[in-house]
Amino acid sequence: MGERADFLVVGLGAMGSAALYQLAKRGASVIGLDRFAPPHTMGSSHGETRITRQAIGEGRDYVPLVLASHRIWRELEAETGESLLQACGALVMAPGTGATSHHGKPDFVRNSIAAARDFDIAHEVLDGHEVARRFPQFLNLDGSETAYYEPGGGYVRPERCIAAQLTRAAALGAAIRTGVEVLSIAQEGDGVRVETTAGRFSAGEVVVSAGAWTAPILGAPFDGLLSVKRQLLHWFELDDAGAYGPGSPVYIWMHGTTDIDYFYGFPPQAGETSVKVATEQYAAETTADGADRAVHPEESAAMYRRHIAGRLAGATPRVARAAACLYTVTPDRGFIIDRHPRLSRVLVVSACSGHGFKHSAGIGAVAAELVTEGRSRIDTRPFALGRFPGVGSAAGPAIKS
């Protein structure tokens, strides 16, 4: 017979752990399935820290999601005693002249400023001289740079966020099954059948939040929409941490004109003498199961040479550690939050497209609303499948007033 619940959540990373927690919080009968044992290092939700910023340069449609996430993480901190969100400030900086792009969006700094004004988010607009004065870790600025500074931004701790949500979900009655690989999902009448390596699971509704495994599980049209990109994280040793004071922010520094002429990073963590930095690549594709999860010395050397040397005070080319993770990316680098076009009882919440963790707790709340009530307080129409040419979308969910 297998196990049955009112709801199943497939994939318990950033989005799935949040959806499971929100469903359990509503008192729903829910089972969560994961191929591994989250939090783990096989997908997208690891690496110690993830940037969060409330004014979203990718578009104002994302802002309600991140604001909801910040509220939920503070609630979880109060419930669990865990430190999940560190509001150390966030700086987004670009050259003062010429074109720039980040996550495929031009005028990223200007868009961030506009979003902050629209949503009354506390912020400052700085030039390069003021950045250098306040944040001496940034070197060789010519003063013409334009920067958006958000004191309420900072970073969240992905492994802790996932663990906290799974722990609370279990305490509220959710069942969690790890080491379970999903083989197929099929809709039958008023329910959904999920075949796995651990047998059959059945539910009235299924949330699929499987990240890089979404397309292999669901097939068309997702196999034509989602691509997997291997990304690298580097921790470079500091020979002097004096420039990284208590007010050191997280940052996104666009120093050229294209999406690869930039890097992002974090202040040193307590007790550490290294800085975590990364950039992104969208040219080379991989697969969830075939990705190289080792970071090779020449890759760290290239990162240091192209982006870090001469820009970060105290940073040396010595690598303290490194890690690889996966981005699952749509053609427009936006999210998908929509019903499967052929399976009306399957809600898909993927892909993160490289900027999703900051929104994940809010997306979990949205997913819970959509499958239990059929509508959401946050408008998900910008994340519908119908925006992609040739892909039919499920009926757009209603928005609560």
**OP:** Start with the C-alpha gap between Ile176 and Ile31, add the side-chain angles, then the distance that decides, and say whether side chain to side chain contact (heavy atoms under 4.5 Å, CB included) holds.
**Re:** CA-CA 6 Å; Ile176 298 173; Ile31 301 172; over 6 Å; no
Just distance, no hydrogens or angles: give the donor-acceptor pairs under 3.5 Å from side chains in residues 6-19, sequence neighbours left out.
from	atom 1	to	atom 2	distance (Å)
Ser17	OG	Gly13	O	2.6
Ser17	OG	Ala14	O	3.4
Ser17	OG	Gln165	NE2	3.4

Subject >> Salt-bridge present (Glu75, Arg168; N to O < 4.0 Å) >> reply: no
Original post:
Is there side-chain contact between Val349 and Val208, with at least one heavy-atom pair below 4.5 Å?
Top reply: no
Subject >> Centroid separation Phe335 to Tyr62 less than 6.0 Å >> reply: yes
Original post:
Just wondering, more than 12 heavy atoms not from Asp142 lying within 6.0 Å of its CG?
Top reply: yes
**OP:** State, with a plain yes or no, whether a side-chain heavy atom of Pro158 is found less than 4.5 Å away from one of His46.
**Re:** no
**OP:** Verify, without hydrogens or angle tests, whether Thr146 (side chain) and Gly96 (backbone) share a donor-acceptor contact under 3.5 angstrom.
**Re:** no
Subject >> Under 3.5 Å: donor-acceptor pair, side chain of Glu150, backbone of Gln54 >> reply: yes
Original post:
With distance as the sole criterion, is a donor-acceptor pair present between the side chains of Thr49 and Lys276 under 3.5 Å?
Top reply: yes
Original post:
Is any side-chain N of the basic residue among Arg230 and Glu299 closer than 4.0 Å to the acidic one's carboxylate O?
Top reply: yes
Subject >> Salt bridge Glu205-Arg339, side-chain N to carboxylate O under 4.0 Å >> reply: yes
**OP:** Using modelled atom types only, decide if a donor and an acceptor are shared between the side chain of Thr167 and the backbone of Ala164 within a distance under 3.5 Å.
**Re:** no
**OP:** Kindly confirm or rule out a cation-pi arrangement of Arg318 over Tyr304, judged by NZ or CZ under 6.0 Å from the six-membered ring centre and within 45° of its axis?
**Re:** no
Original post:
Do Thr330 and Asp332 get their side chains close enough for a donor-acceptor pair, meaning under 3.5 Å?
Top reply: yes
Subject >> Heavy-atom donor-acceptor pair, Thr328 side chain to Ala212 backbone, under 3.5 Å >> reply: yes
Subject >> Glu3/Arg177 salt bridge by N-O under 4.0 Å criterion >> reply: yes
Original post:
Do Thr372 and Arg26 have side-chain N/O donor and acceptor atoms under 3.5 Å apart?
Top reply: yes
**OP:** Classify the side-chain pair Ser344/Gln187 by whether it contains a donor and acceptor separated by less than 3.5 Å.
**Re:** yes
Subject >> Nearest atoms (heavy-atom pairs only) where Trp73 meets Cys161 >> reply: NE1-SG, 3.4 Å
Original post:
With distance as the sole criterion, is a donor-acceptor pair present between the side chains of Ser300 and His234 under 3.5 Å?
Top reply: yes
**OP:** Please check if the side chain of Thr316 supplies one atom and the backbone of Glu237 the other of a donor-acceptor pair under 3.5 Å.
**Re:** yes
Original post:
Less than 4.0 Å between a side-chain N and a carboxylate O, is that true for Glu58 and Arg53?
Top reply: yes
Original post:
With a 4.0 Å cut-off, would you call Glu285 and Lys229 a salt bridge?
Top reply: yes
Subject >> Plane angle bin for Tyr155 and Phe266 - parallel if under 30°, tilted between 30 and 60°, otherwise perpendicular >> reply: perpendicular
Original post:
Does Phe236 offer a backbone N or O that forms a donor-acceptor pair with the side chain of Ser274 under 3.5 Å?
Top reply: no
**OP:** For this output row, return yes or no: ring centroids of Phe138 and Trp253 closer than 6.0 angstrom.
**Re:** yes
**OP:** Give a yes or no on whether the backbone of Ile121 and the side-chain of His123 come within a donor-acceptor separation of less than 3.5 Å.
**Re:** yes
Subject >> Check: Arg311 main-chain N/O paired with Asn140 side-chain donor or acceptor under 3.5 Å >> reply: no
**OP:** Kindly assign one of parallel, tilted or perpendicular to the pair His307 and His255, based on the angle between their ring planes and the thresholds 30° and 60°.
**Re:** tilted
Subject >> Donor-acceptor pair, side chain of Arg35 and main chain of Val180, under 3.5 angstrom >> reply: no
Subject >> Main-chain N/O of Gln281 paired with Gln231 side-chain donor or acceptor, under 3.5 Å >> reply: yes
Original post:
Can you list the residues that meet the ring-ring contact (aromatic ring centres under 6.0 Å, His included) rule with Tyr262, with sequence neighbours excluded?
Top reply: His102
Original post:
Salt bridge or not for Arg193 and Glu195, using N-O below 4.0 Å?
Top reply: yes
Original post:
Can you list every pair that meets side chain to side chain donor-acceptor pair (under 3.5 Å) and has a residue in residues 215-227, with sequence neighbours left out?
Top reply: none
Subject >> CA sep, side-chain torsions, deciding dist, call: Phe135, Tyr251, ring-ring contact (aromatic ring centres under 6.0 Å, His included) >> reply: CA-CA 11 Å; Phe135 308 116; Tyr251 53 88; 9.7 Å; no
**OP:** Using a cut-off of 6.0 Å, state whether more than 12 heavy atoms not belonging to Arg74 lie near its atom CZ.
**Re:** yes
Original post:
Do Asp338 and Val348 have side-chain heavy atoms sitting under 4.5 Å apart?
Top reply: no
